[in-house]
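Here the structure comes first, spelled out in structure tokens, and everything after it is commentary.
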Amino acid sequence: MENLNVGIVGGSIAGCATAISLSKQGHTVKLFERSMGRLEDRGAGIGLPIPTLENLQSRGLLGADFPYLTISNRYYKVPSREFMGKTIWTQALGALALTNWGALYRDLRSRVDDDSYYTGLPVIKITQDEIGAYLHFKDGTVEKFDLVVCADGVDSIGRSLVSSGSCINYAGYIAWRGFIPETEMPNLEGPLQSNVNELVGQHALMSDKGHGIVYLIPGFNGETKQGERLINWLWYENVAKENLDEALAGRTHGNSSVQPGYVPKYRTDYLRNESSRLFPAYFSDIVHKTEKPFIQSIFDMHSNVYASGKLCILGDAATTVRPNSASGVVHAMTNAVKLADYLSSSISMAEGLSSWNMDQVEYGYGLVELSRKVGKALQDPTTSWKSMDSNSMEIWWDSVMGDQNWYVTDSKNRN
């Protein structure tokens, strides 16, 4: 197939991965990001299965020196008199790489030619006809492309043109998020390092108002040495839809999240009080030490079409996956590399897009269903977590998953 002139809407992880993948196949790309300058790094943690990470490195999307920490266990905990809480189950993980959003974005962005990456150019409309697809910019200019890829997130401008029946569904919970330097790890019992060492793994902290997660990730500049990392945490709080507006107090108009520094004091006080009431002491102390927590609403959405004519959507623009399955970033990167693969192996753009569409729609549907299943189970307010032990947790997990795979590898070799 001939080389294409491709316009990409959205300059975050999905957009950069698409630009790199298509450029390596000889296509000419222009990537348009509505924001000015580098995208904001909020310090959010990300998990990637090691085989996925290695595949991305082998394809040249990530460098051999990409910073991450490797873990192999997830510890389910409930409050107890002990500072670190009581571990009710140690779940074996397949080798999992933990990193942060900023490290991933910076590595990808460094591989996109600056001459191909345009900032401060909001796209306000997309049209297409028999000879091309057209991006209409806020400044009044219009540019024609052979193919337009929308990698512009859950509020994608192109989704309605490709998959008009897609609906964004609120999951019933929000995610409080934050981080602290590991040197600020609470030190109420014993030496500092003994507490930090217990965080080498991923902790799931169970409660009847949703579960918390805490784990170490590289520092803002990719530091992985002891004493230079970050402690990343989340609390998925069950919030009824009718209470969502109040839960998101401080958000800017139209956003489904509250940025760091914009959460009102009364909401931060609420977070800290609830963390003390619901979770082990160490997690509560980490939350209390977080100066600027932030919030994101949890949604899911699946498009039943990813490509139409000379326009396609990918990443969160096509399918938004709850974080519970640790697959949102993996989904976006997979969409991008598979798009390049299908286009390169087809005799025409239309054929490549058709094959890619069928493959990735099915893949995205599976991820959404998986994340719904896992999220529902972890957020179930009726589960008596404090009465659980390793045996009952194993039975619970099998009842949740059945024969479906997660990102863990356990005794049934789920990977």
Side-chain angles (χ1 to χ4, degrees), residues 12-14 16-18 20-22 24-25 44-75 90-108 110-111 151 200-202 204 213 215-218 222 224 229 232 314-316 318-319 321-342 344-345 356 359-371 373-374 397 400-415:
S12 189
I13 287 172
C16 287
T18 304
I20 298 166
S21 300
L22 291 177
K24 286 183 176 296
Q25 300 287 0
I46 292 173
L48 295 169
I50 293 292
T52 299
L53 174 62
E54 292 175 343
N55 181 47
L56 294 171
Q57 289 174 319
S58 69
R59 287 174 171 266
L61 271 78
L62 296 175
D65 58 349
F66 177 74
Y68 64 92
L69 306 175
T70 303
I71 62 168
S72 57
N73 291 308
R74 192 182 212 204
Y75 304 96
T90 300
Q91 184 182 36
L93 302 177
L96 188 67
L98 299 179
T99 187
N100 60 56
W101 187 94
L104 182 59
Y105 167 70
R106 285 192 297 273
D107 200 297
L108 289 167
S110 70
R111 297 167 201 284
V200 180
Q202 187 184 80
I213 299 177
Y215 53 89
L216 287 163
I217 59 174
T224 57
R229 303 166 294 187
N232 179 75
L314 54 69
D316 282 347
T319 292
V321 183
R322 301 183 194 187
N324 305 103
S325 61
S327 56
V329 167
V330 174
H331 170 251
M333 305 279 274
T334 299
N335 286 168
V337 298
K338 289 293 187 179
L339 176 62
D341 288 349
Y342 275 107
S344 68
S345 63
W356 173 79
D359 179 46
Q360 295 302 285
V361 165
E362 181 179 0
Y363 169 63
Y365 177 78
L367 291 180
V368 168
E369 290 303 302
L370 172 62
S371 67
K373 180 183 291 188
V374 175
W397 184 254
V400 171
M401 298 303 296
D403 294 328
Q404 197 166 4
N405 294 331
W406 193 38
Y407 73 91
V408 301
T409 300
D410 60 17
S411 59
K412 294 187 178 181
N413 194 33
R414 299 188 177 104
N415 54 39

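Nearest approach of I217 to R229, heavy atoms of both residues: O-CB, 3.2 Å. Of all heavy-atom pairs spanning G45 and N232, the tightest one is N-OD1, 3.2 Å. Of all non-hydrogen atoms in A92 and N73, the two that sit nearest each other are CA-OD1, 3.8 Å. Between R111 and G60, the shortest heavy-atom contact is CD-O, 3.5 Å.
Put simply, the side chain of S21 never gets that close to the backbone of T18: no donor and acceptor are under 3.5 Å apart. A donor-acceptor contact shorter than 3.5 Å links the side chain of D107 to the backbone of G63.
R74 is not listed as a side-chain neighbour of Y215, based on a closest heavy-atom distance of 4.5 Å or more. Between L62 and L108 there is a side-chain heavy-atom pair separated by less than 4.5 Å. With a 4.5 Å cut-off on side-chain heavy atoms, S72 and L96 do not count as touching. Inter-residue side-chain proximity for Y68 and L48 is flagged as unmet; no heavy-atom pair is nearer than 4.5 Å. Between M333 and V329, some side-chain heavy-atom pair lies under the 4.5 Å cut-off. With contacts defined as side-chain heavy-atom distances shorter than 4.5 Å, the pair W356/L314 qualifies. W101 places a side-chain heavy atom less than 4.5 Å from the side chain of I13. In this structure, the side chains of Q202 and I213 come closer than 4.5 Å at one or more pairs of heavy atoms.
With rounding to the nearest 0.5 Å, the separation of CG in L104 from OG1 in T99 is 6.5 Å. Put simply, OG1 on T70 and CD1 on I50 are 4.0 Å apart, with the number rounded to the nearest 0.5 Å. Rounded to the nearest 0.5 angstrom, I46 CD1 and N100 CG are separated by 7.0 Å. Separating the CD atom in Q91 from the CH2 atom in W397 is a distance of 5.0 Å, to the nearest 0.5 Å.
Shown here are the side-chain contact (heavy atoms from CB on, under 4.5 Å) partners of T224, two or more places apart in sequence or in another chain: P67, L69, P218. Residues passing the side-chain contact (heavy atoms from CB on, under 4.5 Å) test with E369 are Y365, R372, sequence neighbours excluded.
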| Stepwise, does the side chain to side chain contact (heavy atoms under 4.5 Å, CB included) test hold for T319 with Y363? | CA-CA 10 Å; T319 292; Y363 169 63; over 6 Å; no

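Counting non-hydrogen atoms of other residues, nucleotides and ligands closer than 6.0 Å to NZ of K373 gives a total above 12.
Among residues at least two apart or in separate chains, salt bridge (charged side-chain N to carboxylate O under 4.0 Å, His left out) pairs with a member in residues 56-71 are R59-D341.
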